[in-house]
**Student:** 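Okay, handing you the structure first.
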4 protein chains.
Amino acid sequence: MVGMAVLGCGRIGRLHARNFARHARARLVAVFDVSAAAAQQVAAELGTKSARSLDAVWSDRNITAVLIATPTDTHVPLITQAVKAGKAVLCEKPIDVDLERARNCWSDIASDHPTVMIGFNRRFDPSYRRLRERLEAGEIGRLELAVITSRDPAPPPVGYLKGSGGLFRDMTIHDFDMARYLAGEITQVHALGANLVDPEVGKLGDVDTCAISLRARSGALLQINNSRRSVYGYDQRLEAFGSAGMLQAGNRRATSVESWNGERTAAREVVLHSFIERYGQAYEAEVDAFVRSVEEGRPMSPDFSDGLEALRLAVAAEESLRTGAVVNLS
Amino acid sequence: MVGMAVLGCGRIGRLHARNFARHARARLVAVFDVSAAAAQQVAAELGTKSARSLDAVWSDRNITAVLIATPTDTHVPLITQAVKAGKAVLCEKPIDVDLERARNCWSDIASDHPTVMIGFNRRFDPSYRRLRERLEAGEIGRLELAVITSRDPAPPPVGYLKGSGGLFRDMTIHDFDMARYLAGEITQVHALGANLVDPEVGKLGDVDTCAISLRARSGALLQINNSRRSVYGYDQRLEAFGSAGMLQAGNRRATSVESWNGERTAAREVVLHSFIERYGQAYEAEVDAFVRSVEEGRPMSPDFSDGLEALRLAVAAEESLRTGAVVNLS
Amino acid sequence: MVGMAVLGCGRIGRLHARNFARHARARLVAVFDVSAAAAQQVAAELGTKSARSLDAVWSDRNITAVLIATPTDTHVPLITQAVKAGKAVLCEKPIDVDLERARNCWSDIASDHPTVMIGFNRRFDPSYRRLRERLEAGEIGRLELAVITSRDPAPPPVGYLKGSGGLFRDMTIHDFDMARYLAGEITQVHALGANLVDPEVGKLGDVDTCAISLRARSGALLQINNSRRSVYGYDQRLEAFGSAGMLQAGNRRATSVESWNGERTAAREVVLHSFIERYGQAYEAEVDAFVRSVEEGRPMSPDFSDGLEALRLAVAAEESLRTGAVVNLS
Amino acid sequence: MVGMAVLGCGRIGRLHARNFARHARARLVAVFDVSAAAAQQVAAELGTKSARSLDAVWSDRNITAVLIATPTDTHVPLITQAVKAGKAVLCEKPIDVDLERARNCWSDIASDHPTVMIGFNRRFDPSYRRLRERLEAGEIGRLELAVITSRDPAPPPVGYLKGSGGLFRDMTIHDFDMARYLAGEITQVHALGANLVDPEVGKLGDVDTCAISLRARSGALLQINNSRRSVYGYDQRLEAFGSAGMLQAGNRRATSVESWNGERTAAREVVLHSFIERYGQAYEAEVDAFVRSVEEGRPMSPDFSDGLEALRLAVAAEESLRTGAVVNLS
């Protein structure tokens, strides 16, 4: 049994807490939030305790590992403290919005044999996972092109956007990780961006729509397109094209109902709007993979360096957006 | 080159005439219609002549074969005359609405080595044909169940219905032929029918909706469902289920466009409404198969007996409708 | 909170026990099985107690309701005892394989104001449920035709088949309930059956493949087709066709991956094989509906009479199979 | 009736010649090829004459318009001579591989009131056309993102590649035109390219795989991806995403058959391999639009400037490929 503490009792923290609470080989020892009330509510719901302080978490010998789902700017100190306290860590993406700060975090903890997983939930989506397994098994030969489509149902509130680090570090970072998941190391990044959805985004100097091209060391070319608003739901698709075929993984809907009438045929429902639903199975599988790695002392995947690399691609995309030129990564 | 005459210049006659006119190995020698004006119009359009009389057709040595697309009650005398005149025949379904009369027709011509194809156009639909080839090739093992869906876009005018012979001889006859095309000889027929679409149909003692069960000598069970009205277009589907899998063949649309919005996703257009469009490729392939069989002196398929068998199933279905009991065919 | 006991700790009993154990408004008070070891194992897993005897269940005032997942021939006595003990009941289908016995059960308990739900799980499948809601809302006008496809991945062992009551009472009973769910009261039943899958089934005098036609009092015609073996998984589909359109609900797969290569395109995975997976969401929703009805004292749906009616249709189908004639239900 | 001459009797010339020959309002007056034998063969097949020389075409008063399907390097002189001779022109794409030469061609003919259509066949594909009509009608609001997928079944022979002008001028030029068809004027181009399919392509200094990003003056971002080899057929897709939804148009197959077995389900056939089949309807519609514009004296679309613009985008993409930077078009 892996003794867990969940730090941060917001929407995503609660989701993880529930998954740990019902996991067969994990025990939810404590939850923590700067709002004691929030933590107590979750603790009550899940029959666990609410930690009085972070120090109480670090010193609790029943706690083997922590899940960090606090605001982004606390990730670095919490990872550092957790590692120093000998805890394994599952930290929500991104490590930080600042690449230098994230790198320094690694410098600080590297000698402590850190066991850190970064929560790139999509790697655990059953469809994406299956697609990649079949790709790795050689089903479509060598990967030559990939198209990653990722469109949020609606832009987040302006308040969130201000601290988000911008489209690339906040949203596209998932797609950068997907690109690496499919194609390995990325050597070139080019980005076009636009402010088409919400003028408030533009006022923040940010974009809400983008078209990104990547080149992988393997030779493969990849395209990412993002929008902060998709009226038909949370549009999440992968297409991998290779010398011997193509694999696609698509959207999910609540039901399989199709309707036919005098206007249209075979019409499906809108796709799931919420990432909670869309990636519900992924979150469960992520927690399971983390628990298993902790139990078996195996390396984490995705690990800290995956978190750094995705952030590095986001930073490179920003540079490309400014200069118009492709950015070469060595 | 096969010299052709087309008898009957209505909608379906004109369609066939055009297909013969542009066929590489056929020559449209003449067209005929009881309305000389109708015949002359088609002749002018296609650069052929309008025959003055049927006798002129029978005696024309340039005419090797005739296509009969006249009203159903003329099929039997025209088939007989054509065969007696030594012409090959492609006759639109049904041979006749009266099974006895159709059988007598055969008795009259059997000794003349008749070369007769009955125009069950669906046997020539590329999708149905491919499905059957793959079935015959053993792809799904032994056929165990089949579902034949056939729904007209809208009921024909009452005037037509009166002389149509009823739903089973007019419309379901195609599905009975499809059943035989897929499963071979049919040994049992059961039919439920209802008048749900148009009260006028009921006044004629006819049904416009049906659910039919068949058993084939091979052991396979088949289901047919029909409606005289489908608001989303001409719904034409086959499903063949066997010990090793399933094959389906579906509808056709004018374009491949799909639409996604806040109400629905992946919505396709309505399916083609007109049998002329839906089975356009089938009509061309039918004419081509006929020409080839005439040229090569090969047996026709579907032939006169296929026309008789489909009619026999329609008659059996009517009996089942009256009695409620399954009808055994020996 | 609804205090629950689960009777029968086989595969389906355990599934339900887990669903009750994690239900927010239910408490799993006890589990029972004739094998004390089986019960103790489930009790240990779910942190509940294993009841020593049925009497201990009936007399336990913390137990408000019971789930009956024992062998079919015990359903009637257990329902009766549970009702007499004042418990609400959720009983797996069928009530009994014998219609007379099931009716007598009702006579025995009717005066006790029984609260009984029969476990027709498919009524709680999100896709079927949505289809029916949209049908009820008038989206496709009046229901005219329905096609219910239901094919098991593989025939059960011969041992099971012997006590199963035959294809219609064991498997098709779900489809009879679906027919009633969609179209209401059924007035005519006709059945064709065949033994195509496994000769052992034929030796038992049973069939493993069938084609059934139904007429509803509403006028609608329905078709059911069943097979005991579908190599591509558990094939479960509904099609409802009406005056203004069509609704379909289809199969489920583990992932959304599609593959394209030189042989085929857009190929999906096989559909889920296990009813546990296919109807996993349905089982959860069923338990939830039951708990809510108990809590709120509302009538159950599907209730005892729905169980009787489905069984009556199965018996009628058997009669039709013997006689070849349609069976009229008054 | 529009009197037509077809110049060039290769594969595509013959295709057009047949379409003109059977067009109701066109008359195929002559065909021409530098190989008199090739021209005579087509003339014989279609019942027209083979012109002895180009001068004979220019001076023939029965010839109103010409279709140019000769090798690319003859397009400019033939367009010029045809316009000077007062003929309307339908010229296969591209105008020329050299942008300067194409522009000079326009300078030479501009004062002659030229009537020139450039053969961007995809604009006439029924699915693409319908998609654009619905886009223009506002169905998905403002266009924000588009993805254009275009993958040839197999690379052309090296001999062809040498004179092709490279991937962007030869193949992507169609996609550049599609981008303009959907989004209007393009202001920025960025291209990544790779040589993944055939080493011979790389030896020619060309690429066979690309990922291109475009920005339109309207604000929309577009992505194009190309490959010279797609094992599952000629992959041709459009996706247009906007503020109110998405429209997609997809591939075509010879039949609608789907297969289900123990390995996979709902598998379709490979998509059509040949552009002749894939765009067969488009070629017919193109010829029809040309004939109608000639008859009615209406402006051509796509016209000479559309040909120039697509070429300009191809040249810009090449520059981007060299420099890595986005190319701004004024």
Side-chain angles (χ1 to χ4, degrees), chain A residues 140-151 187-198 207-216 218-233 235 237 239 241-246 251 270-271 320-321 323-328, chain D residues 140-151 187-198 207-216 218-233 235 237 239 241-246 251 270-271 320-321 323-328:
Chain A
I140 59 165
R142 177 161 83 141
L143 180 69
E144 294 175 347
L145 277 169
V147 180
I148 300 171
T149 301
S150 180
R151 299 168 189 159
T187 58
Q188 288 190 317
V189 181
H190 184 270
L192 285 186
N195 171 221
L196 302 174
V197 174
D198 184 350
V207 294
D208 47 34
T209 307
C210 70
I212 293 177
S213 298
L214 306 173
R215 189 194 304 274
S218 72
L221 304 181
L222 301 95
Q223 293 182 308
I224 296 168
N225 68 73
N226 286 169
S227 172
R228 283 282 196 189
R229 185 245 301 103
S230 160
V231 298
Y232 51 83
D235 190 359
R237 287 175 279 153
E239 173 173 320
F241 171 84
S243 52
M246 176 165 67
N251 287 302
V270 293
V271 305
S320 176
L321 199 61
T323 64
V326 77
V327 173
N328 293 290
Chain D
I140 60 165
R142 176 160 86 139
L143 180 69
E144 295 176 347
L145 278 169
V147 180
I148 300 171
T149 301
S150 181
R151 299 167 189 160
T187 59
Q188 288 191 315
V189 181
H190 184 270
L192 286 186
N195 171 221
L196 303 174
V197 174
D198 184 351
V207 294
D208 47 32
T209 307
C210 71
I212 293 176
S213 298
L214 306 173
R215 188 192 305 273
S218 72
L221 304 181
L222 301 95
Q223 294 182 306
I224 296 169
N225 68 74
N226 286 169
S227 172
R228 284 284 197 188
R229 185 246 300 104
S230 159
V231 299
Y232 52 83
D235 190 359
R237 287 176 278 154
E239 174 173 318
F241 171 83
S243 53
M246 176 166 68
N251 287 301
V270 293
V271 305
S320 175
L321 199 59
T323 64
V326 77
V327 173
N328 293 290

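Every chain is numbered from 1 and lettered A, B, ... according to where its sequence line falls, protein lines coming before strand lines. Note that this is a predicted model, so its numbers are computed, not measured.
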**Student:** Could you check which of A/G245, A/S243, A/C210 has the highest count of heavy-atom pairs closer than 4.5 Å to chain D?
**Tutor:**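 Of A/G245, A/S243, A/C210, A/S243 has the most heavy-atom pairs under 4.5 Å with chain D.
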
**Student:** Can you tell me which portion of A/V147 sits under 4.5 Å from chain D's heavy atoms? Options are side chain, backbone, both or neither.
**Tutor:**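 Contact with chain D: side chain only.
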
**Student:** For A/I140, is it the side chain, the backbone, both or neither that has a heavy atom under 4.5 Å from a heavy atom of chain D?
**Tutor:**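 Neither part; nothing is under 4.5 Å.
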
**Student:** Any donor and acceptor pair, going by atom type alone, linking the side chain of D/R151 with main-chain N or O of A/F241 inside 3.5 Å?
**Tutor:**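 Looks like no, no N/O pair under 3.5 Å.
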
**Student:** So, the side chain of A/E239 versus the backbone of A/M246: is there a donor-acceptor pair under 3.5 Å, distance only?
**Tutor:**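 Not confirmed, A/E239 side chain does not pair with A/M246 backbone.
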
**Student:** Given heavy-atom pairs under 4.5 angstrom as the criterion, report whether the side chain, backbone, both or neither of D/D235 touches chain A.
**Tutor:**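 Contact with chain A is through the side chain of D/D235 alone.
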
**Student:** May I ask you to decide if A/N195's main-chain N or O and A/T209's side chain share a donor-acceptor pair within less than 3.5 Å?
**Tutor:**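 No.
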
**Student:** Which atoms of A/L145 come close to chain D, meaning under 4.5 Å heavy atom to heavy atom: side chain ones, backbone ones, both, or neither?
**Tutor:**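 For A/L145, side-chain heavy atoms alone lie under 4.5 Å from chain D.
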
**Student:** Among A/G242, A/G193, A/G141, who wins on heavy-atom pairs under 4.5 Å with chain D?
**Tutor:**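 So the answer, after comparing A/G242, A/G193, A/G141, is A/G193.
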
**Student:** Has the side chain of A/R142 got a donor or acceptor atom that lies under 3.5 Å from a matching backbone atom of D/L196?
**Tutor:**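 Yes, the answer is positive, given that a donor and an acceptor are paired below the 3.5 Å cut-off.
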
**Student:** Is A/V231 close to chain D through its backbone or its side chain, or both, or neither, when contacts mean heavy atoms under 4.5 Å?
**Tutor:**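 Just the side chain, heavy atoms under 4.5 Å.
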
**Student:** Keeping the roles fixed (side chain from A/Q223, backbone from A/A146), state whether a donor-acceptor pair exists under 3.5 Å.
**Tutor:**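 Not at all, since once roles are kept as given, no pair shorter than 3.5 Å links the two residues.
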
**Student:** Pick one of side chain, backbone, both or neither for D/A244, based on which atoms fall under 4.5 Å of a heavy atom in chain A.
**Tutor:**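 The backbone, not the side chain.
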
**Student:** With under 30° as parallel and over 60° as perpendicular, where do the rings of A/H190 and D/H190 fit, or are they tilted in between?
**Tutor:**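 Parallel.
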
**Student:** Find the one option among A/N328, A/T149, A/L192, A/V197 whose heavy-atom pairs under 4.5 Å with chain D are most numerous.
**Tutor:**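 Greatest number of close heavy-atom pairs with chain D: A/L192.
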
**Student:** Contact part of A/S320 toward chain D, heavy-atom cut-off under 4.5 Å: side chain, backbone, both or neither?
**Tutor:**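 Neither; nothing under 4.5 Å.
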
**Student:** So, does A/N226 use its side chain to make a donor-acceptor pair with the main chain of A/D208 at under 3.5 Å?
**Tutor:**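 Absent.
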
